[in-house]
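None of these values were measured; they are calculated from a predicted model. Proteins get letters first, then strands, A, B, ... in listed order; numbering begins at 1 in each.
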There are 2 protein chains.
Amino acid sequence: MAISFTEENYLKVIHRLSEATSEDISTNAVAELMQTKAASVTDMLRKLADKGWVNYQKYQGVRLSAEGEKIALSIVRKHRLWEVFLVDKMGFNWDEVHEIAEQLEHIESDQLVNKLDEYLGFPKTDPHGDPIPNKEGVLPELAYSHLSDIKATKTCKLMGVAQDSAVFLQLLTKLNLNLGAKLDIKEINEFDRSIFVSINDAAPIFISHEVAKNILVKI
Amino acid sequence: MAISFTEENYLKVIHRLSEATSEDISTNAVAELMQTKAASVTDMLRKLADKGWVNYQKYQGVRLSAEGEKIALSIVRKHRLWEVFLVDKMGFNWDEVHEIAEQLEHIESDQLVNKLDEYLGFPKTDPHGDPIPNKEGVLPELAYSHLSDIKATKTCKLMGVAQDSAVFLQLLTKLNLNLGAKLDIKEINEFDRSIFVSINDAAPIFISHEVAKNILVKI
DNA sequence: TTAAATTTTTAGGTTAATCTAAAAATTATT
DNA sequence: AATAATTTTTAGATTAACCTAAAAATTTAA
Ligand SMILES: [Mn+2]
Ligand SMILES: [Mn+2]
Ligand SMILES: [Mn+2]
Ligand SMILES: [Mn+2]
């Protein structure tokens, strides 16, 4: 069945919200991520339910059907593969690629996606450490922790970020916090939960709890 | 000013028609290439004129303004660069790339286009021999002849095609008629204007006038 | 140079996606 | 349990892009 960019974006947003909870997703939550009004969301949910991509009962919230999940994962796959392409092949920085990938994720050609995947060497994660679903829509399981949950004196490795915003990514770059960086947690300050940490064995610096919450690490 | 995919496609079609003539372009001609109705074209031409991208007076036909020309050329540039990418980097055949490029040509990022151009080695032509406008929108001048206009016993080189259709391109591939092929015209048959030609010094074969008309060569 | 044929435009509708404002349902609070 | 607050849906419009049918303008032919 034909699908519009807008419908794809709704499915993607419902998918994203569903990753964080097992509850049904509220109209308002979708509206906020879609940057639209609840009334528009209601219209669209009816339409997506008619097409069989979501299960929706009014006032009860929405969740993806098996088919909707498959579509959402294929868009996520495209988004993340294109981000790898933009960074690895086109030389963009990790804070510059999200908006372009938002466009590229809607390009429709299975052949192209699979050739791109191969060309990039079948990457498991995108430039932000997010897992890339394979051809069958299976997401590799990556059990990462938030840096903010790690105890003092531990050593860990920066594996990803929990946020794609350009300002956040640019800050990390400025602090030398890149994917793969080795982090030695020297001390956690009780007062503001800021972390005194050495990055790749350099002289330790302070990073805020707010930043640490958005950094994903492997111990 | 914001531009929709549809508007971009109209500008591209008007541009294509304008290459073949210095006359104003008729509503019907646009309708045919856009695969839509004349009434819809009239609506859109009024809109494009309001935006300053075409000069249009009712019943008098349409032509691109300087700004419209610039937009059209930037879309052509993107289309052809992506086609090069698909063939050179993704390993597609020349008959498989047009439809995908129709989608990719609407991706909006000057940075990406210019990085792609560089990554591809600043190609002058696409996989069909069509010239690629540079960053400033200047088309390299390629003075090619139609194979159907070459006299017998001449030797020439296949530089491009005058048609992108998959069936035509697949036929050329089957006949070993690829870009850069050396063509020795042995004889032209007066009856059906078919051509007896040797391709890359192989045993000569017959090709129809219809095919020859759509092959571009350099002597 | 009038009449016929063709092209193009206008008139009036449709569909997808959005909006605001008001009504209805659900959830939270006394 | 009743009321208040919040969330969600419905009602009614708007805009972009398209359609068919009819009217108007232009071009061609008699
Ligand atoms: Mn992204
Ligand atoms: Mn990402
Ligand atoms: Mn093409
Ligand atoms: Mn081409």
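- Going from atom CD of B/Glu23 over to atom C1' of C/dT7 covers 16 Å, rounded to whole Å.
- Between A/Phe85 and B/Tyr119, the ring-plane angle classifies as perpendicular under the 30° and 60° cut-offs.
- Whole-Å rounding puts the B/Lys51 NZ to D/dT15 P distance at 14 Å.
- Nucleic acid contact for A/Phe5: none, since no nucleic acid atom lies under 4.0 Å from a heavy atom of the residue.
- In this structure, B/Arg46 places its CZ atom 9 Å from C1' of C/dT10, rounding to the nearest Å.
- Atom CG in A/Asp50 sits about 14 Å away from atom C1' in C/dA16, given to the nearest Å.
- Within the structure, a side-chain polar atom (N or O) of B/Asn28 is placed less than 4.0 Å from OP1 or OP2 of C/dT8.
- Among the nucleotides D/dT9, D/dC18, C/dT10, the one closest to the side chain of A/Ala38 is D/dT9.
- Proximity of A/Ser40 to the phosphate of C/dT18: no side-chain N or O atom is located under 4.0 Å from OP1 or OP2.
- In this structure, B/Trp94 and B/Val161 have side chains that are in contact, with non-hydrogen atoms separated by less than 4.5 Å.
- OP1 or OP2 of C/dT20 has at least one side-chain nitrogen or oxygen of A/Lys37 nearer than 4.0 Å.
- Between B/Gln57 atom CD and C/dT7 atom C1' there is a gap of 17 Å when expressed in whole angstrom units.
- When each of A/Ser4 and B/Leu45 is assigned the nucleotide of DNA chain C with its nearest heavy atom, B/Leu45 is the one assigned upstream, toward the 5' end.
- Checking the phosphate oxygens (OP1, OP2) of D/dT9, a side-chain nitrogen or oxygen of A/Tyr56 falls inside 4.0 Å.
- B/Asp43 places its CG atom 10 Å from the P atom of C/dT9, with the value rounded to the nearest Å.
- In terms of heavy atoms, B/Val13 sits closest to B/Leu33 at CG1-CB, 3.6 Å.
- Of the candidate nucleotides C/dT18, D/dT8, C/dT10, C/dT18 has the atom nearest to the side chain of A/Met44.
- Of the candidates D/dT26, D/dC19, D/dT8, D/dT8 carries the atom nearest the A/Ser26 side chain, counting heavy atoms from C-beta on.
- Remark: C1' of D/dA24 and CD of B/Gln60 are 14 Å apart, rounded to the nearest angstrom.
- Whole-Å rounding puts the B/Lys58 NZ to D/dA23 C1' distance at 12 Å.
- Side-chain atoms of B/Thr173 and B/Asn93, non-hydrogen and from C-beta on, never get closer than 4.5 Å to each other.
- Both A/Thr36 and A/Tyr59 lie close to DNA chain C; mapped to their nearest nucleotides by heavy-atom distance, the more 5′-ward contact belongs to A/Thr36.
- Side-chain contact between B/Asp164 and B/Asp130 is present, with at least one heavy-atom pair separated by less than 4.5 Å.
- Applying the 4.0 Å criterion to OP1 and OP2 of D/dT9, one finds that A/Thr27 has a side-chain N or O inside that range.
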